[in-house]
Number of protein chains: 2
Amino acid sequence: MSNYGLNHTNYERVRDFIRSDIATGVYPPGHRLKLSELEKRYGVSAAPIRDALQQLQGEGFIVFLPNRGASVRQIDRDFLWQVYEIRKAVETYFVRELADRITPKELDSLRKALTRHERALAKTNEGLIHDLDAEFHGLIITATKNTEAAAILGRHYTMIRPMRVRFGRSAERRQQLPREHLAILSAIEARDGASASQLISQHIDLAFEDLAKMVLSANSIS
Amino acid sequence: MSNYGLNHTNYERVRDFIRSDIATGVYPPGHRLKLSELEKRYGVSAAPIRDALQQLQGEGFIVFLPNRGASVRQIDRDFLWQVYEIRKAVETYFVRELADRITPKELDSLRKALTRHERALAKTNEGLIHDLDAEFHGLIITATKNTEAAAILGRHYTMIRPMRVRFGRSAERRQQLPREHLAILSAIEARDGASASQLISQHIDLAFEDLAKMVLSANSIS
DNA sequence: AAGTGGTCTAGACCACCTT
DNA sequence: AGGTGGTCTAGACCACTTA
């Protein structure tokens with residue numbers, strides 16, 4: 001395993017590799033993470049791998065069963081709904097707060113993120129689209145300086161990424177997405193917290209409905 | 001170590017013991033959790049203790065520094081503020097949703113929790129007061145069936161417990177607390193989500209201001 | 001009863017701090 | 001350089017599954 005990144009210990013590197021491998025779908029939901037396989041893949045022995053897995057269990061990415069080790073967390077419809085409810089609660093609140101106190105620099109980074117997102121939507125790379133969508137929403141939370149909230153929502157984004165990438169977005173939704181982001185951005189620029197909050201609430205509802213629809217129709221054909 | 005509880009492995013038992021020892025102030029913020037000491041205290045070797053510590057790092061209770069092991073997370077004023085902001089975002093949202101759909105049974109458990117809290121306030125057991133306060137707020141989230149939100153807020157409650165217990169509440173606050181809870185409960189009973197949301201927002205603001213004041217005055221004398 | 005794979009112990013190794 | 005304490009390896013042990 002390379003020394004890539006700034007992490008100094010094996011368990012930190014292994015943790016970041018496994019988290020990334022879960023986010024990119026290398027290990028699908030429910031996949032059993034066996035020590036022997038992980039030892040081969042990452043070239044270290046059991047202890048640093050167990051350290052990494054336990055930390056990821058604390059973060060909610062994997063689940064341990066006593067004497068049965070770890071598997072990747074299953075993302076069912078109910079969990080998906082819970083995550084979107086939390087996003088709505090947190091993002092509607094924070095965007096309202098933010099509208100009053102956002103700086104020109106922060107506004108500029110939001111505009112740039114929106115531009116990047118628009119450009120990505122022309123292509124069909126679902127992973128990139130998801131990440132730039134996440135970036136836009138992440139910047140709103142980052143601007144409020146609430147690192148704890150940013151960490152929680154960031155973990156949620158990472159957890160649902162594989163599902164989002166796998167099922168994609170409907171064509172209409174893909175068209176609507178940057179418009180909704182622009183509307184939110186404009187409301188923030190106009191210092192209209194109430195509107196921004198209202199818009200982001202609708203935006204998250206639509207995102208959830210679209211995802212739920214795509215998941216459902218995918219299930220019914222398979 | 002006893003087989004107390006339903007946990008089947010040593011790392012699970014150790015994890016629960018350490019989490020509880022952090023919540024009750026046995027290990028204060030900043031305390032370095034040395035393996036040799038923990039091995040003696042819990043009667044097991046390094047591996048299950050490391051497993052437990054890594055999981056607690058994932059949950060946010062402790063922090064690892066590379067090659068320096070684990071210490072209990074420091075709760076500074078900024079983190080406290082972040083946690084209360086998240087509580088406001090989540091609880092104002094969920095109580096609004098809940099007002100429409102709460103069942104008589106859930107209402108009853110809220111009433112009972114309030115009664116227990118009122119009785120506890122007569123005594124001066126800060127730990128119990130905190131736990132029953134947490135119970136009331138926890139029941140609101142539990143009633144929404146969002147286990148992920150309940151887990152997040154529950155962790156936050158556990159993290160700030162030692163500080164809350166150490167600095168206590170002002171006499172006025174202690175008087176006000178059950179009245180505010182009653183007002184929130186009444187608004188929920190009246191199916192008035194907007195009022196309940198508004199009341200819980202003020203309630204959390206007052207709780208934060210009181211805590212911040214107590215911490216500040218304690219700092220200025222010490 | 002054998003096989004698989006997770007959990008735990010003992011001890012080596014190594015990074016960092018102190019003298 | 002020596003000491004402290006965290007990290008990692010090898011292997012024993014043990015729970016659970018399958019035959």
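Chain letters run A, B, ... following the sequence lines, proteins first, then strands; residues in each count from 1.
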Between the protein and nucleotides 5-8 of chain C, list every N/O to N/O distance that falls short of 3.5 Å.
from: C/dG5; atom 1: OP1; to: A/Lys34; atom 2: NZ; distance (Å): 2.9
from: C/dG6; atom 1: OP2; to: A/Leu35; atom 2: N; distance (Å): 3.2
from: C/dG6; atom 1: O3'; to: A/Gly69; atom 2: N; distance (Å): 3.4
from: C/dT7; atom 1: OP1; to: A/Asn67; atom 2: N; distance (Å): 3.3
from: C/dT7; atom 1: OP1; to: B/Tyr11; atom 2: OH; distance (Å): 2.9
from: C/dT7; atom 1: OP2; to: A/Arg50; atom 2: NH1; distance (Å): 2.2
from: C/dT7; atom 1: OP2; to: A/Arg50; atom 2: NH2; distance (Å): 3.2
from: C/dC8; atom 1: OP1; to: B/Asn10; atom 2: N; distance (Å): 2.6
from: C/dC8; atom 1: OP1; to: B/Asn10; atom 2: ND2; distance (Å): 3.4

* Is it possible for you to check whether B/Arg19 lies under 6.0 Å from the centre of the six-membered ring of B/Tyr27, through NZ or CZ, and within 45° of that ring's axis? => no

* Would you verify whether the NZ or CZ of B/Arg41 falls within 45 degrees of the ring axis of B/Phe17 while also being under 6.0 Å from that six-membered ring's centre? => no

* Do B/His137 and B/Glu91 have side-chain N/O donor and acceptor atoms under 3.5 Å apart? ->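 Present: a donor and an acceptor within the cut-off.
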
* Do the side-chain N and O atoms of A/Glu106 and A/Thr103 include a donor-acceptor pair separated by under 3.5 angstrom? -> yes

* **Pair listing, ring-ring contact (aromatic ring centres under 6.0 Å, His included) test, anchored in residues 83-109 of chain B, at least two apart** => B/Tyr84-B/Phe208

